[in-house]
Amino acid sequence: MSKILINLKNITEDAFSINNNILDDSSINLEPHVGINFTTDINNNLFIADAQIALLTPDSSIGVALRFRYILEILNLKDLEHTFDEESGITNFKFPKGFVKSVITDVYATGRVLLANHLKGTRYEYSYLPFNGAESLLNR
């Protein structure tokens, strides 16, 4: 397997929404939910993590939602071992051990910072996503 050469290309916030009626009501408890979807662009050597973080009420109403992209350039992406399924159009890469775990951890940490910036001045200003929350994503 080839060694991979990586650059952080870009971090882009795609959308942010906040429901102040929910966020301002201290009787409503909000729980964090995080999702990450990976895609690749083999022609441009990109590995893209589309992430969403939401603070939801017990009935799944959205208090806060943030969508962002964490884009890595893998300079030798085409050289990595991979298979292409023509029927589905999906390319599956064989990344080095620990690569995806590292990306999930970095995306989660980035999301913590981005979300914290949006929560300044709210009752959740000092309520960060769980410190080891990326570990729960890795164990799914």
Side-chain angles (χ1 to χ4, degrees):
M1 178 180 311
S2 303
K3 183 176 182 178
I4 58 176
L5 306 169
I6 303 170
N7 289 322
L8 177 59
K9 182 98 171 153
N10 201 354
I11 298 170
T12 306
E13 287 190 43
D14 294 324
F16 176 76
S17 65
I18 188 167
N19 182 327
N20 287 314
N21 292 330
I22 291 174
L23 207 63
D24 292 342
D25 187 341
S26 62
S27 70
I28 301 174
N29 192 25
L30 297 176
E31 292 292 323
H33 294 263
V34 179
I36 303 172
N37 183 54
F38 296 112
T39 57
T40 57
D41 177 343
I42 196 167
N43 294 324
N44 292 306
N45 296 315
L46 299 178
F47 182 86
I48 303 159
D50 290 302
Q52 180 166 321
I53 300 172
L55 299 178
L56 304 178
T57 66
D59 69 353
S60 297
S61 295
I62 298 172
V64 174
L66 169 68
R67 282 193 357 245
F68 68 99
R69 283 178 287 155
Y70 186 93
I71 304 169
L72 297 174
E73 179 181 35
I74 301 178
L75 301 176
N76 56 338
L77 185 62
K78 293 175 188 167
D79 299 332
L80 293 178
E81 185 178 329
H82 62 278
T83 58
F84 178 71
D85 182 330
E86 290 188 31
E87 188 173 308
S88 67
I90 295 175
T91 302
N92 290 301
F93 288 89
K94 186 172 183 181
F95 290 105
K97 185 175 181 160
F99 171 76
V100 173
K101 180 178 182 176
S102 293
V103 173
I104 289 173
T105 301
D106 286 354
V107 169
Y108 185 87
T110 299
R112 289 179 86 224
V113 172
L114 294 175
L115 188 61
N117 286 333
H118 285 290
L119 295 176
K120 289 180 180 168
T122 71
R123 70 181 171 118
Y124 282 89
E125 180 172 4
Y126 299 108
S127 298
Y128 298 101
L129 293 176
F131 182 71
N132 65 344
E135 205 52 43
S136 66
L137 294 173
L138 296 170
N139 294 323
R140 289 185 181 182

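Index from 1, following the sequence.
Side-chain contact between Thr40 and Ile74 is absent, with no heavy atoms from C-beta onward closer than 4.5 Å. The side-chain heavy atoms of Lys78 and Asn45, taken from C-beta on, include a pair separated by under 4.5 Å. Leu23 is listed as a side-chain neighbour of Leu30, based on a closest heavy-atom distance under 4.5 Å.
Counting only distance, with no hydrogens or angles, the side chain of Asn7 and the backbone of Lys9 share no donor-acceptor pair below 3.5 Å. For Tyr124 (side chain) and Leu55 (main-chain N/O), no donor-acceptor pair under 3.5 Å exists by modelled atom type. Remark: the backbone N or O of Leu5 is paired with a side-chain donor or acceptor of Asn76 at under 3.5 angstrom.
Partners of Asn43 according to the side-chain contact (heavy atoms from CB on, under 4.5 Å) rule, which considers only residues two or more places apart in sequence or in another chain, are Asp41. Applying the side-chain contact (heavy atoms from CB on, under 4.5 Å) criterion to Thr83, with sequence neighbours excluded, gives Asn92. In this structure Thr91 satisfies the side-chain contact (heavy atoms from CB on, under 4.5 Å) test together with His82, Phe84, Phe93, sequence neighbours excluded. Not counting sequence neighbours, the partners of Ser61 by the side-chain contact (heavy atoms from CB on, under 4.5 Å) test are Ile22, Thr57, Asp59.
Under the 4.5 Å side-chain heavy-atom criterion for Ile, Leu, Val, Met, Phe, Trp and Tyr, Leu66 and Ile36 are members of the same hydrophobic cluster. In the hydrophobic clustering of ILVMFWY residues, with side-chain heavy atoms under 4.5 Å counting as a link, Tyr108 and Phe16 come out together. By the rule that hydrophobic residues join a cluster once side-chain heavy atoms approach within less than 4.5 Å of another member, Leu77 and Ile48 end up as members of separate clusters. Residues Val113 and Val103 fall into different hydrophobic clusters, defined by Ile, Leu, Val, Met, Phe, Trp and Tyr side chains chained together at heavy-atom separations under 4.5 Å. A single hydrophobic cluster is seen to contain both Leu115 and Ile18, as judged by linkage of ILVMFWY side chains at heavy-atom distances under 4.5 Å, directly or through other members.
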Checklist line | Verdict with reasoning, Leu8 to Leu72, per side chain to side chain contact (heavy atoms under 4.5 Å, CB included) | finding: CA-CA 5 Å; Leu8 177 59; Leu72 297 174; 3.8 Å; yes

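In this structure, CD1 on Ile71 lies 4.5 Å from OG1 on Thr12, to the nearest 0.5 angstrom. Annotation: the span from Leu56 atom CG to Ile62 atom CD1 amounts to 6.0 Å, rounded to 0.5 Å.
Within the structure, the ring-ring contact (aromatic ring centres under 6.0 Å, His included) test picks out the following pairs touching residues 45-70 (sequence neighbours left out): Phe38-Phe47, Phe47-Phe95, Phe47-Phe99. Applying the salt bridge (Lys or Arg N to Asp or Glu O under 4.0 Å) test to every pair with at least one member in residues 14-35, sequence neighbours left out, gives these pairs: Asp14-Arg69.
Nearest heavy atom pair, residue His118 against residue Leu114, reads CD2-O, 3.2 Å.
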